[in-house]
Amino acid sequence: MKPNLNDQVLATLSKSNHLNHLKQLQAHLITLGHAHTHFYAFKLVRFCAITLSNLSYARLIFDHLYSPNIYLYTAMITAYASHPTTHPSALELFRHMLRFPTTPRPNHFIFPHVLKSCYESRSTGLVHAQITKSGFEQYPVVQTALVDSYSRVLGGLRCARKVFDELSERNVVSFTTMVSGYARVGDVDNALRLFNEMEERDVPCWNALIAGCTQNGLFNQGIELFRRMVGVAFDREGEGQCKNKPNQVTVVCALSACGHTGMLQLGRWIHGYIYKSGFVLDSFVSNALVDMYGKCGCLGQARKVFEINPEKGLTSWNSMINSLALHGRSDGAIAIFEEMVEHGGSVRPDEVTFIGLLNACTHGGLVDQGYYYFEMMIREYGIEPQIEHYGCLIDLLGRAGRFDEAMEVVKGMSMEPDEVVWGSLLNGCKVHGRNDLAEFAAKKLVEFDPHNGGYGTMLANIYGELGKWDEVRNVWRTLKQQKSYKIPGCSWIEVDDQVHQFYSLDKSNPKTEEIYNILESLVGSRNEVMVEF
DNA sequence: CTAGGGTTAG
């Protein structure tokens with residue numbers, strides 16, 4: 001028996017990845033008299049838009065149909081909505097569909113896709129009106145899509161909440177959407193409040209909250225939630241219900257938090273958990289592991305995970321480069337960069353790549369090489385330097401004591417220098433004893449953030465170095481009046497799953513004396529010693 | 001064709 005055309009088309013598309021394959025299939029369909037069969041056209045449009053990211057050809061197929069049905073409009077609008085630069089086209093097509101009576105009438109499936117194209121054009125409200133008018137507002141799927149759409153528009157969170165509050169029926173999905181909305185604007189408190197109100201929870205809603213924490217820098221809180229999730233899932237007291245086990249998305253978030261806080265033990269546990277759970281090491285998981293190991297200083301492990309990733313994407317390369325750069329392995333970072341350019345396939349270095357690369361040069365003292373890559377970024381890759389790149393470059397030049405060039409760069413910047421730029425310059429000045437320029441940079445910092453006790457303290461110290469004692473007193477008086485205090489430097493180490501925190505000059509630890517003695521024997525002085533808080 | 005969750009950056 002001959003395989004039917006339906007299966008043939010699906011099989012061909014699942015194996016194809018090139019426009020030529022698509023054209024062959026099209027030719028085949030035309031000879032069989034199926035050039036205008038909606039079902040096949042639908043498959044072709046989706047393939048073209050999703051696999052090939054070729055919107056113009058998808059539109060070409062669409063435009064050659066006599067009267068596209070609702071499926072085809074939906075497919076075409078979905079295609080546009082998933083490519084941010086073509087958002088207007090999605091709405092245009094939708095309006096066209098509404099305006100002409102010969103086109104299909106909207107159903108409730110199309111609205112989520114239309115709403116996805118509203119984020120940048122801020123037209124959620126218009127579509128909302130249309131939804132109400134056409135009587136689709138009572139569909140939970142549409143309602144949730146509305147909440148999501150409002151929450152992604154700048155300043156739209158209040159509207160999102162309003163729609164959410166008026167829902168006829170809240171479920172775990174609409175709750176999760178709202179939690180993510182709060183997380184997106186950094187309002188973790190409200191995200192948590194809503195999470196606590198939920199009577200039923202699933203994996204995505206845990207993930208939304210954990211991601212909310214880690215994306216807003218609340219790494220410890222994220223870890224705490226992760227531990228709670230693991231605890232609930234494995235039900236340590238009871239009979240082990242194993243519901244809501246962390247999945248790939250969860251571990252990616254948790255690993256990010258481990259990297260940022262240096263929790264290597266937990267990171268290793270998660271790696272084991274991934275292995276035991278039989279998760280596929282997709283690029284997200286792999287990259288998160290590389291980043292965690294890299295940040296925790298296990299460069300060998302990071303490298304191993306990186307090497308076995310068969311689909312190294314931009315982030316994979318960037319994570320590996322950053323890991324090496326972070327630990328001063330400039331040669332390694334540069335080698336990976338070169339490998340990326342040579343064997344990275346379609347992957348092209350982006351602005352993050354160059355931050356890592358410049359960082360590597362800074363830590364290795366490779367000033368000229370750093371300059372070279374900075375130029376390469378602009379000329380060969382057409383990347384406009386961001387303030388971050390300038391920060392790296394100033395850092396690079398400052399540490400090398402090349403202050404004239406550093407100031408040239410500052411003057412040539414296309415934007416106002418920020419705190420990091422002045423901070424980098426100041427740091428270089430301190431290393432090289434350039435107190436005159438240090439005063440200038442520190443003043444800029446204080447100007448930037450007059451209530452920052454740290455900046456004030458640095459300025460006062462520099463005045464001290466310069467013997468400007470009146471100025472020293474002035475700065476201290478201002479700081480005192482404003483109640484601006486320097487946040488003490490802090491460092492910590494993880495031993496047996498416990499984090500020990502150390503602040504400068506704090507002697508509150510019961511073992512202070514012992515710690516001091518050991519550290520003294522190690523560094524030979526008490527001045528730089530940290531004591532546990 | 002059907003609403004929610006993911007990594008990298010001075």
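Values below: every heavy atom of this structure, side chains too, minus hydrogens, waters and symmetry copies. No experiment lies behind these values; they were computed from the predicted model shown.
Considering only side-chain N and O atoms, Gln215(A) lies under 4.0 angstrom from the phosphate OP1 or OP2 of dG6(B). Phosphate contact (OP1/OP2 of dT8(B), side-chain N/O of Ser256(A), threshold under 4.0 Å): present. Between Asn359(A) and dG10(B), a side-chain N or O to OP1/OP2 separation shorter than 4.0 Å is present. OP1 and OP2 of dT7(B) both lie 4.0 Å or more from every side-chain N or O belonging to Lys295(A). In this model, the phosphate group of dT8(B) is approached by a side-chain N or O of His260(A) to a distance below 4.0 Å at OP1 or OP2.
Counting any heavy atom pair closer than 4.0 Å across all strands shown, Gln248(A) reaches a base atom. Base contact: Val285(A) has a heavy atom under 4.0 Å from a base atom. Residue Pro112(A) is classed as a sugar-phosphate contact, given heavy-atom separations below 4.0 Å to backbone atoms only. In this structure, Val172(A) reaches the bases: a heavy-atom distance under 4.0 Å links it to at least one base atom across the strands shown. Residue contacts shown for Arg152(A) are limited to sugar-phosphate atoms, with no base heavy atom under 4.0 Å away. Residue Val290(A) is out of contact with every strand shown, counting any heavy-atom pair closer than 4.0 Å. Nucleic acid contact class of Ala75(A) (heavy atoms, under 4.0 Å, all strands): none. Here Ile387(A) lies in heavy-atom contact (under 4.0 Å) with a base. Residue-level contact check: Val147(A) touches neither bases nor backbone, having no heavy atom under 4.0 Å from any strand. Note on His113(A): only backbone sugar-phosphate atoms sit closer than 4.0 angstrom, heavy atoms only; bases stay farther off. When heavy atoms are screened at a 4.0 angstrom cut-off, Ser180(A) is found touching the sugar-phosphate backbone but no base atom. Within the nucleic acid shown, Tyr73(A) has no heavy atom closer than 4.0 Å to any nucleic acid atom.
Residues passing the ring pair (Phe, Tyr, Trp, His ring centres under 6.0 Å) test with Phe403(A), sequence neighbours excluded: His432(A).
Checking dT8(B), dC1(B), dG6(B) against the side-chain heavy atoms of Val252(A) singles out dG6(B) as nearest. Distance from the side chain of Val249(A) is smallest for dG6(B) among the nucleotides dT8(B), dC1(B), dG6(B). With distances taken from any side-chain atom of Thr74(A) to the nucleotides dG10(B), dC1(B), dG6(B), the minimum falls on dC1(B). Considering only side-chain atoms of Asn322(A), the nucleotide from dA9(B), dG4(B), dC1(B) that sits closest is dA9(B). Distances from the side chain of Pro204(A) to the nucleotides dG4(B), dT8(B), dT7(B) place dG4(B) closest.
Tyr182(A) has its OH atom 16 Å from the C1' atom of dG4(B), to the nearest Å. The CD1-P distance, from Ile110(A) to dT2(B), rounds to 12 Å in whole Å. The interatomic distance linking Asp350(A) (CG) with dA9(B) (P) rounds to 12 Å, in whole Å. Distance Leu281(A) CG to dG6(B) C1': 14 Å, rounded to the nearest Å. Distance Asn171(A) CG to dT2(B) C1': 13 Å, rounded to the nearest Å. Tyr139(A) places its OH atom 14 Å from the P atom of dA3(B), with the value rounded to the nearest Å. One interatomic measurement links the two molecules: CG of Asn318(A) to P of dA9(B), which rounds to 9 Å at whole-angstrom precision. Here dG6(B) presents its C1' atom at 13 Å from CG of Leu289(A), a figure rounded to the nearest Å.
In this structure, the ring of Tyr73(A) has its center no less than 6.0 angstrom from the ring center of Phe42(A). In summary, the aromatic rings of His271(A) and Tyr293(A) are positioned with their centroids under 6.0 Å apart. Centroid-to-centroid, the aromatic rings of Phe306(A) and Trp317(A) come within less than 6.0 Å.
Remark: the backbone N or O of Cys48(A) is not paired with any side-chain donor or acceptor of Thr51(A) at under 3.5 angstrom.
In this structure, CE on Met178(A) lies 8.5 Å from CG on Asn190(A), to the nearest 0.5 angstrom.
A cation-pi arrangement is not found for Arg348(A) relative to Tyr381(A), the charged atom failing to lie both closer than 6.0 Å to the ring centre and inside a 45° cone about the ring normal.
Counting atom types as modelled, Thr177(A) pairs no side-chain N or O with a base atom of dG4(B) as donor and acceptor under 3.5 Å. At a cut-off of 3.5 angstrom, the base of dG4(B) holds at least one donor-acceptor pair with the side chain of Asp202(A). At a cut-off of 3.5 angstrom, the base of dG5(B) holds at least one donor-acceptor pair with the side chain of Asn247(A).
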